[in-house]
There are 2 protein chains.
Amino acid sequence: MSVGIRHDDLRRRNRAMVISAVRRAGQPSRTEIAATTGLSHSTISAISADLIQEGILAESKASETVSLKRGRPQVGLSLNPQAAAVLAVVLSLNFLSVAVIDYAGQVVAEEQRRLDTLTMSRDALIGECVAIVRRRLEDPDLDVQSVARIALAIQGITDSHARAMLWSPITPQTNIAFADILEREFGIPAIMENDCNMMAVALRWRHPDRYRDDFIAILLSHGIGMGLVLKGELFTGTHSSGGEFGHMIHRPGGALCRCGRRGCVEAYAGNYAIWRNARLLSENAEPVADVSDAEMRALAARARETDGPEREAYRKAGEALGFGLGSLFALIDPAPVAMVGASAAAFDLIEPALREAIAQTAGGQHSGSISFDTEPNELPLIREGCAMRALSFVDQEIFAPSIQARAGSVGKNVA
Amino acid sequence: MSVGIRHDDLRRRNRAMVISAVRRAGQPSRTEIAATTGLSHSTISAISADLIQEGILAESKASETVSLKRGRPQVGLSLNPQAAAVLAVVLSLNFLSVAVIDYAGQVVAEEQRRLDTLTMSRDALIGECVAIVRRRLEDPDLDVQSVARIALAIQGITDSHARAMLWSPITPQTNIAFADILEREFGIPAIMENDCNMMAVALRWRHPDRYRDDFIAILLSHGIGMGLVLKGELFTGTHSSGGEFGHMIHRPGGALCRCGRRGCVEAYAGNYAIWRNARLLSENAEPVADVSDAEMRALAARARETDGPEREAYRKAGEALGFGLGSLFALIDPAPVAMVGASAAAFDLIEPALREAIAQTAGGQHSGSISFDTEPNELPLIREGCAMRALSFVDQEIFAPSIQARAGSVGKNVA
DNA sequence: TCTATTTTTTCGAGCCTCGAAAAAATACTG
DNA sequence: CAGTATTTTTTCGAGGCTCGAAAAAATAGA
């Protein structure tokens, strides 16, 4: 059962709230923070004095915005970039990237690498990840002491504790506890997240107006992934990262999916499925390992030109996505949808059939009001989500810890 | 954004926690409460002294359990039955029932009534609900002042604020703001809940070991409903009660559903669908309004006897439920399932096809470990859930209010 | 230079929780 | 049956936290 609130929790939570208000608002004054948090000015004053003294926040000296109002000008508070740093590692098909991000959220260094993830051994895969992190940590420009968190996003299913990859389409290996491995290797807290969940996290930071409490991010790529935010919280399954939208059943016993089952949404809407249908191959044909983006673009071009099998393939994809979304909407009610990934560039080919399908489902009552945005580039989004996830952890777990072990904290080695 | 924690919230939350600990544990001693909440003995002592003084809790005088241990015997704390009362109203097809429940959760009065909900006018339907509540409130044995909450459960879709029925299969009427109507009529806070959600709430109270953080309650009746608890919280949609499992799409363009659409799970697994298939009627045949329980029992009996269309009808029902659950499991991961309602008595006919279908879906990896319980009687469950929902509200909103307006509270008119 | 205005800090009051010690209530012991 | 051991509950002072009010700080306008 949930635990009572101890007296010291109070300060901890309010500290976290102030930090989070600053991260969200950019350069809010103490008065603004008091307004958004509902706490009194005196409390905000006390907490921010602590945070500044600890080197977590800083006052923005420059009164860049010329104060037009009378009275004492507001002093903006901002995150001290040097207070900490985090690493965002993204592992996707044949591709590994890492970015070092300062406490204010700016990328300070990055590195990318092509791999052959599908054929690599378990040790090689782990080795590459460890190595790329090590290279970044050995960068003389980086104060290793300040690195407070490593977040690794992977295409595939992760466990609900954000420790391990359970299964992934990018490698035959399963059950790799990346978070534990990195933690042991570098002594830095690490987490392992699902890539689509990180897309959703990033969208929430990028467009807080459009994507706030309830929305859906769908990755249209070789496979179909989903990140879901409900009631302002990232939705995960009870045991895994969950939200395996691509493997909801569209047609029982239908087309062969990459996962080995039949009739999944992905078996109609994933790149390999569109490719398979466009070539008029059997639905039982083994999914191909990879279709290049160029090839998909050519497919889309042909679909736009003539009403041939390519157009029909996209239509089928739209239908599968539409019925899938319809079933999803039956459970969670309609919400804004962001279509992310290379195939989002072909969303014009997908949308008509998708809307038609949705109209036949429980979500159909609102089909007019359902809006779709597209964002063809998933990688920056995933990295950004990863970084924000890691930074939020630092905000809450390190700079607002439950124990008063504030001495020796990462923030200390500043000013 | 979320709001900071004020100093007075602290006491409020801890009060709520103590009350909730007592409601859950039955007659816990102060020491036990301290252990489960993690608060100190002194705090528990102070809070429970307040609560006893206010007439919310009471010490169980009788040391019924002969203390076998040395030392000062524990004094059990219990809820004072007279501290408040709530009304649980359940409106289902052709049936209206109300129960008065004391603060300790015991039914102290009840009344039931047959109606013809399908043909009643809007005003008549509202009138019946208001009237049955009025009769209970006019009961001389009841202290009207102590009635702190009315909870109304209805088969159908309610809004996410628990104010109104949006749509229901039991009446052609839509958008009835029952909660507002009852509140205005009687001046007592009211809520409007979905029946299947209340089933889930009740299961959680009844079997906290089996149904705690994540589970699914499915109503197998004329229609198919679902109540879902995820991460210990009742799951609702973003705009409505959500969880319309029965209207997830099983077969695009398939059998005609009561909701007017095609291929919903319900169009294969609802009583009317089983009946339709058992009679070898077309999948396009208009769903019948009602099939009596006796008729369904006869159908089930025939299905058990011979391998005819009846058995096939149940098989199809199982298949639809299985693929539906499989898609659901793709989103939320597998969880224990309780099958509730008259047709749960025929679950033996449904289960084989259901398991076979699930095995073909993303949930299939765990198909062996998924357990199903059956509970044929939904009404007591719904009422119980309704009552607990209302009582929890009293616990938290009235007996642990955010403002210190403790004078004049309902608890005051006791001792 | 003085006044009005707005932001931020300071200060004392009021709560709340906690730990330690005391008090209360019982079982065991000889 | 009195004394001791044991367990539960209450009491009490200390320490923290937030709050409101007042003071201080910082600026624009007169």
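Note: hydrogens, waters and symmetry copies are ignored here, and every other heavy atom, side chains too, is used. All chains are named by letter (A, B, ...) in the order of the sequence lines, taking the proteins before the strands, and each is independently numbered beginning at 1. The shown structure was predicted, so the numbers you read here are calculated from the model rather than taken from an experiment.
- Residue A/Leu10 contributes atom CG, which lies 9 Å from atom P of D/dC19 at whole-angstrom precision.
- The phosphate of C/dC18 (OP1 or OP2) has a side-chain N or O of B/Thr43 nearer than 4.0 angstrom.
- Take the nearest nucleotide of DNA chain C for A/Ala49 and for B/Ile44: the residue whose nucleotide is more 5' is A/Ala49.
- Relative to the axis of its first five pairs, the axis of the last five pairs of the helix from C/dT1-D/dA30 to C/dG30-D/dC1 sits at 20°, rounded to 10 degrees.
- Listed nucleotides D/dG15, D/dT9, C/dG14 differ in distance to A/His7; the shortest reach to its side chain belongs to D/dG15.
- Taking every side-chain heavy atom of B/Ser42 into account, D/dC12 is the closest of C/dT17, D/dT6, D/dC12.
- Atom CZ in A/Arg13 sits about 15 Å away from atom C1' in D/dT18, given to the nearest Å.
- For the atom pair CG of B/Leu87 and CG of B/Leu182, the computed distance is 9.5 Å after rounding to the nearest 0.5 Å.
- Every residue two or more places apart in sequence or in another chain was checked for a salt bridge (Lys or Arg N to Asp or Glu O under 4.0 Å) with B/Asp213, and none qualifies.
- Side chain to side chain, B/Ser45 and B/Ser42 fail the donor-acceptor criterion of an N or O pair below 3.5 Å.
- Straight-line distance from the CG atom of A/Asp9 to the P atom of C/dC15: 22 Å, rounded to whole Å.
- A cation-pi geometry, defined here as NZ or CZ lying under 6.0 Å from the six-membered ring centre and within 45° of its normal, holds between B/Arg149 and B/Phe393.
- Between B/Gly38 and A/Val75, the residue whose closest nucleotide on DNA chain C is further toward the 5' end is A/Val75.
- Rounded to an integer number of Å, the gap from B/Arg70 CZ to C/dA24 P is 20 Å.
- Using a 4.0 Å heavy-atom criterion, one finds that A/Thr31 contacts the sugar-phosphate atoms exclusively.
- Note that A/Arg23 lies in the cation-pi zone of A/Tyr103, set by a 6.0 Å cut-off to the ring centre and a 45° limit from the axis.
- Between B/Arg30 and D/dT10, a side-chain N or O to OP1/OP2 separation shorter than 4.0 Å is present.
- The salt bridge (charged side-chain N to carboxylate O under 4.0 Å, His left out) contacts involving residues 25-37 of chain B comprise B/Arg30-B/Glu59, where partners must be two or more places apart or lie in separate chains.
- Side-chain polar atoms of B/His239 and B/His161 form no donor-acceptor pair below 3.5 angstrom.
- Taking atom CZ of B/Arg72 as the reference point, atom C1' of C/dA25 lies 6 Å away to the nearest angstrom.
- One interatomic measurement links the two molecules: CZ of A/Arg6 to P of D/dC17, which rounds to 13 Å at whole-angstrom precision.
- The phosphate of C/dC16 (OP1 or OP2) has a side-chain N or O of B/Arg11 nearer than 4.0 angstrom.
- Rounded to whole Å, the distance from CG on B/Asn14 to P on C/dC18 is 8 Å.
- Per the geometry, NE2 belonging to B/His41 stands 16 Å off C1' belonging to C/dA23, to the nearest Å.
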